[in-house]
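Here the structure comes first, spelled out in structure tokens, and everything after it is commentary.
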Amino acid sequence: MSTDRPGAVPASRLAGFAAIGLAELNGQAALLKRLERKYVLDPAALDGLFDVLRFSHTVLEIDGLRSHGYQSRYYDTPDLLCFRAHNQGRANRFKLRIRRYEDSGLAFCELKEKTRVAATAKSRVPLSDPSDLGDDFGGLLGRIRQIAGAAADRRFLPTLDVGYRRITLFDARDQTRVTIDTGLSFGHATEPGVHQSTASVIVEVKSARPMSLTDRLLRDAGLRPQAQMSKYCIGLLACGLWTGASRFGANHRRLDCQPVAPAALLVAAAGVAA
């Protein structure tokens with residue numbers, strides 16, 4: 001299909017990159033423990049970034065596609081234990097989600113942890129049935145108990161759905177992975193209604209070191225990493241699931257999430273980058 005998902009990057013803008021396959025990318029850069037920096041960009045700024053990075057980075061290509069659909073369902077307690085830990089800036093915190101890769105149909109249960117030293121660690125296990133997390137959260141309950149203690153035995157319920165298309169770039173020289181997320185959408189996990197951001201893209205740099213070529217380019221352009229840039233936390237604000245004070249408010253406003261009419265949502269869900 002040639003219909004663009006809102007905010008999608010046309011394939012022609014990635015034509016200058018050499019391709020890398022998923023198996024090769026995973027073999028070179030698992031990066032399950034890494035430092036992360038997140039930036040919010042105007043979509044028009046991507047052209048200049050691509051013009052430089054195409055000489056040093058490859059782009060993930062799967063079945064001829066260089067932009068891939070992601071769907072994540074986040075789980076939290078009824079009183080939003082995970083969100084509140086992030087909102088309060090606690091040193092050790094976590095998020096629990098099921099992530100589904102739309103193009104391959106693969107799904108994983110993922111536990112994403114933030115530690116006192118600012119590193120991010122991700123544990124994940126494959127799921128044959130994404131609708132059934134199981135009582136042990138795909139086998140990750142033991143690790144959740146190590147982080148949260150007795151709170152791990154509380155009920156974790158489907159809370160928020162997050163969707164977007166992602167471009168993944170990789171620099172083999174310094175083992176840096178750069179992801180570019182467009183067409184962000186947020187919805188309550190069990191009720192209708194979706195909010196979408198098409199005015200901004202999120203660029204995330206994942207590496208073992210605190211500075212990369214992408215970081216330098218973005219900082220030279222006057223951009224700085226956004227510390228309060230959690231899709232889950234911003235999505236709760238966008239959908240009205242949290243109405244109190246929040247350290248994520250500024251980035252929520254920056255993403256300018258707007259309600260999406262049902263017909264527009266169907267077009268967005270069906271579209272792929274041309």
Side-chain angles (χ1 to χ4, degrees), residues 9 13-14 16-22 24-61 66-68 70 85-86 89-95 99 110-124 164-182 184 197 200-234 247-248 250-252 254-255:
V9 174
R13 293 169 70 181
L14 299 170
F17 287 87
I20 185 172
L22 181 60
E24 183 180 0
L25 176 65
N26 288 338
Q28 293 192 48
L31 286 178
L32 293 179
K33 188 173 185 180
R34 68 278 180 107
L35 298 173
E36 298 180 348
R37 284 86 63 199
K38 299 178 182 179
Y39 302 84
V40 180
L41 277 67
D42 185 292
L46 289 177
D47 283 337
L49 190 64
F50 291 157
D51 284 344
V52 177
L53 295 185
R54 65 191 176 91
F55 294 105
S56 55
H57 290 60
T58 52
V59 61
L60 175 63
E61 182 175 298
R66 295 186 168 193
S67 174
H68 308 102
Y70 283 57
H86 283 73
R90 295 179 191 170
N92 292 315
R93 53 193 188 268
F94 71 95
K95 287 178 283 192
R99 170 164 286 178
E110 297 185 341
L111 176 66
K112 192 172 183 181
E113 310 169 42
K114 191 83 171 204
T115 67
R116 292 180 182 275
V117 294
T120 299
K122 185 168 71 174
S123 305
R124 68 184 204 167
Y164 49 91
R165 293 200 70 83
R166 169 167 287 183
I167 297 163
T168 301
L169 307 178
F170 176 58
D171 184 348
R173 292 177 301 179
D174 66 1
Q175 294 291 294
T176 297
R177 190 183 300 206
V178 180
T179 59
I180 300 156
D181 296 340
T182 66
L184 285 161
S197 171
S200 301
V201 299
I202 297 177
V203 174
E204 186 170 355
V205 185
K206 308 174 178 75
S207 66
R209 297 185 296 181
M211 184 63 69
S212 71
L213 173 60
T214 301
D215 293 296
R216 290 193 294 271
L217 291 171
L218 294 176
R219 295 186 190 209
D220 287 347
L223 297 169
R224 293 293 180 266
Q226 300 296 314
Q228 286 76 47
M229 181 49 71
S230 161
K231 295 185 188 73
Y232 172 58
C233 296
I234 290 172
R247 60 207 294 257
F248 299 95
N251 279 324
H252 171 224
R254 187 174 286 113
L255 288 179

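Computed over heavy atoms, backbone and side chain alike; hydrogens, waters and symmetry mates excluded. Since the model is a prediction, treat every value here as computed from it, not as a measurement. By convention here, the first residue in the shown sequence is residue 1.
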In this structure, CG of Leu49 is separated from CG of Leu41 (nearest 0.5 Å) by 7.0 Å
Taken in chain and number order and not counting sequence neighbours, the residues that satisfy salt bridge (charged side-chain N to carboxylate O under 4.0 Å, His left out) with Asp47 are Arg13
Between the OG1 atom in Thr182 and the CD1 atom in Ile167, the distance rounded to the nearest 0.5 Å is 6.0 Å
Residue set satisfying side-chain hydrogen bond (donor to acceptor under 3.5 Å, both in side chains) with Asp174, at least two apart, ordered chain then number -> Thr176
Item to complete: Please confirm whether the backbone N or O of His86 pairs with a side-chain atom of Arg93, one donor and one acceptor, at under 3.5 Å?
Response: no
Sequence neighbours excluded, the answer for salt bridge (charged side-chain N to carboxylate O under 4.0 Å, His left out) partners of Arg219 is none
Practice problem: Would you check if the side chain of Arg54 reaches a backbone N or O of Val59 as a donor-acceptor pair within less than 3.5 Å? | Solution: no
> Mind checking whether Val9 and Ser67 have side chains closer than 4.5 Å, heavy atoms only?
Replying inline: no
When you measure from the side chain of Gln228 to the backbone of Gln226, do you find a donor-acceptor pair of N or O atoms at a distance under 3.5 Å?
no
Check your understanding: So, does Asn251 use its side chain to make a donor-acceptor pair with the main chain of Phe248 at under 3.5 Å?
Key -> no
Worksheet item: Taking the six-membered ring for Trp, are Phe17 and Phe50 parallel (under 30°), tilted (30 to 60°) or perpendicular (over 60°)?
Response: perpendicular
Across all chains, not counting sequence neighbours, the side-chain hydrogen bond (donor to acceptor under 3.5 Å, both in side chains) partners of Ser230 are Lys95
Sorted by chain and number, sequence neighbours left out, salt bridge (charged side-chain N to carboxylate O under 4.0 Å, His left out) with Glu110 holds for Arg97, Lys122, Arg124
Residues passing the salt bridge (charged side-chain N to carboxylate O under 4.0 Å, His left out) test with Asp181, sequence neighbours excluded, are Arg166, Lys231
